[in-house]
There are 2 protein chains.
Amino acid sequence: MARSSDPTRTRILDAASRLFYAEGIRAVSVDAVAEKAGITKKTLYYHFRSKDDLVAAYLAARDQPNLALFKRWFDEDTGAVPDKVAAIFRHLAEAARHPRWRGCGFLRTTAELANLPGHPAIRIGAAHKKKFEAWLQAMFADAGIAGSGELARQMLLLLDGAFAVVLLHRDASYMETAGEAARTLVAAALPRRTRSPRSRQPAVTPSAPAAGAA
Amino acid sequence: MARSSDPTRTRILDAASRLFYAEGIRAVSVDAVAEKAGITKKTLYYHFRSKDDLVAAYLAARDQPNLALFKRWFDEDTGAVPDKVAAIFRHLAEAARHPRWRGCGFLRTTAELANLPGHPAIRIGAAHKKKFEAWLQAMFADAGIAGSGELARQMLLLLDGAFAVVLLHRDASYMETAGEAARTLVAAALPRRTRSPRSRQPAVTPSAPAAGAA
DNA sequence: CTAGGTATACTGACCAGTGAATATACCTTG
DNA sequence: CAAGGTATATTCACTGGTCAGTATACCTAG
């Protein structure tokens, strides 16, 4: 049985990841993945039961690294919670300006396989987003925010909306707009004593600070 | 030359629309569209130059009706602007509970064809979203909101985020969360004298039931 | 010498798009 | 009005190519 550290399996997964992310699931053939990995199709089918399995493995391999990246961006920002959240969007905006950026692999796979609701890849994508939401909620709860669950959901909506819109318009500034909306919502939910100075900057109207909405 | 009112062309477009929306672009063959339309493939190719053309026509046919629906939901709500915006999300949440709902056809097509940046269908999708954003901005400007452009972009992000997340989790409640976040942001941006009483309800904490969010 | 792993070569199904012929409807001209 | 032509609209049958997945054989390491 091939272990996850199997070098051949790793090569296949690496090739699949690049191709599926760059071109989409149905646009990439198993032959193409095998060729990119430098092996034959039969070897690929020795390591993965089917193309569907390979697609699921592609997303599963992206789960932990993606979450770790978000957490690092959050942790490394030295500001208050609204700024830490905005930092995630800031880093994503930078990534989105790279020519090979193609949005969120989890969302794009879900959109492409929307006609197969029980597909293993979709379940992995859903679990990934749930983990991110749960982590955010924990961060908000730690900061003393009462409606941490609702707020985490709102962050998720802004983030995934930004993935979709930036991909559609090829305009990374929407990612920054999402970051400012996120900062506004988090700042409004924060208990007063811990609110950061930067979070008092209104993202919506320069005249009316949104502090009263909490 | 086939006019847009051509009954055969309409039949093809109707079949294409149902299939592409339900199954995705690359999952639907031209043969399948022709069969669903009750014609032969060659007839389809008489009316459309290629499959790519057909995909673009599918989205173009959805542009105006979709916008008209959003405008109607906005206009028919009798509340203030934050409530009118929330009404759009409320109606979409209802639609999302239908078993055949598959998210936003424009976004899903964009996600699937992300490897073909210049594809005509993507340009039509981008134009559609830009029209919606411009219309929203005009509504906000009419309501005396200073940062109407930024606010309209935030609404777009919440809306498209909700499309993506609801499709991923098959949980329409995210659409309502997005609606409440939208209501909060619009209410915070509104000049004080015209702010509605409902908009003072905090959208962040779930303990306060928002009207219509059932 | 045997079991895990890889290669060549294949299957049957499907795919986008086309060639050649035919039907229909209208329109000109004698 | 009638004969013949022309553009529109449709069909059947096909092409070259790709797809996911497999049958069989080989090969190398323990």
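Values in this document were obtained by computation on a predicted structure and should not be read as measured data. In the text below, chain A, chain B and the rest are named by the order of the sequence lines, each starting its count at 1. Worth knowing before you read on, the calculation uses all heavy atoms, side chains too, and leaves out hydrogens, waters and symmetry mates.
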5'-most contact on DNA chain C: B/Arg26 or A/Thr40, nearest heavy atom basis? A/Thr40
Is the distance between the ring centroids of B/Phe74 and B/Trp135 less than 6.0 Å? yes
Please pick, from D/dT8, D/dA20, C/dA16, the nucleotide with the shortest atom-to-atom distance to any side-chain atom of B/Val30. C/dA16
Within-4.5 Å side-chain heavy-atom neighbours: B/Asp77 and B/Arg90: yes
Which residue lies more 5' along DNA chain D, comparing B/Asp31 with A/Asp31 via nearest heavy atoms: B/Asp31
Checking all strands, does B/Ser29 fall into the base, sugar-phosphate, or nothing category for heavy-atom contacts under 4.0 angstrom? sugar-phosphate
Quick check for you: among D/dT10, D/dT11, D/dA20, whose closest atom lies nearest to any side-chain atom of B/Ile39? D/dT11
Taking the side chain of B/Lys42 as its heavy atoms from C-beta onward, which of C/dG5, D/dT10, D/dC12 lies nearest to it? D/dC12
Does B/Arg18 qualify as a cation-pi partner of B/Tyr58, given the criterion of NZ or CZ under 6.0 Å from the six-membered ring centre and within 45 degrees of its axis? no
Nucleotide of D/dC12, D/dT22, D/dG21 approaching A/Ser50 most closely (side-chain heavy atoms): D/dG21
Is A/Lys129 salt-bridged to A/Asp160, cutoff N-O under 4.0 Å? yes
Sugar-phosphate only, base, or nothing, as touched by B/Val33 at under 4.0 Å among non-hydrogen atoms: nothing
Using the closest heavy atom to pick a nucleotide of DNA chain D for each, name whichever of B/Lys41 or B/Gly38 lands nearer the 5' end. B/Gly38
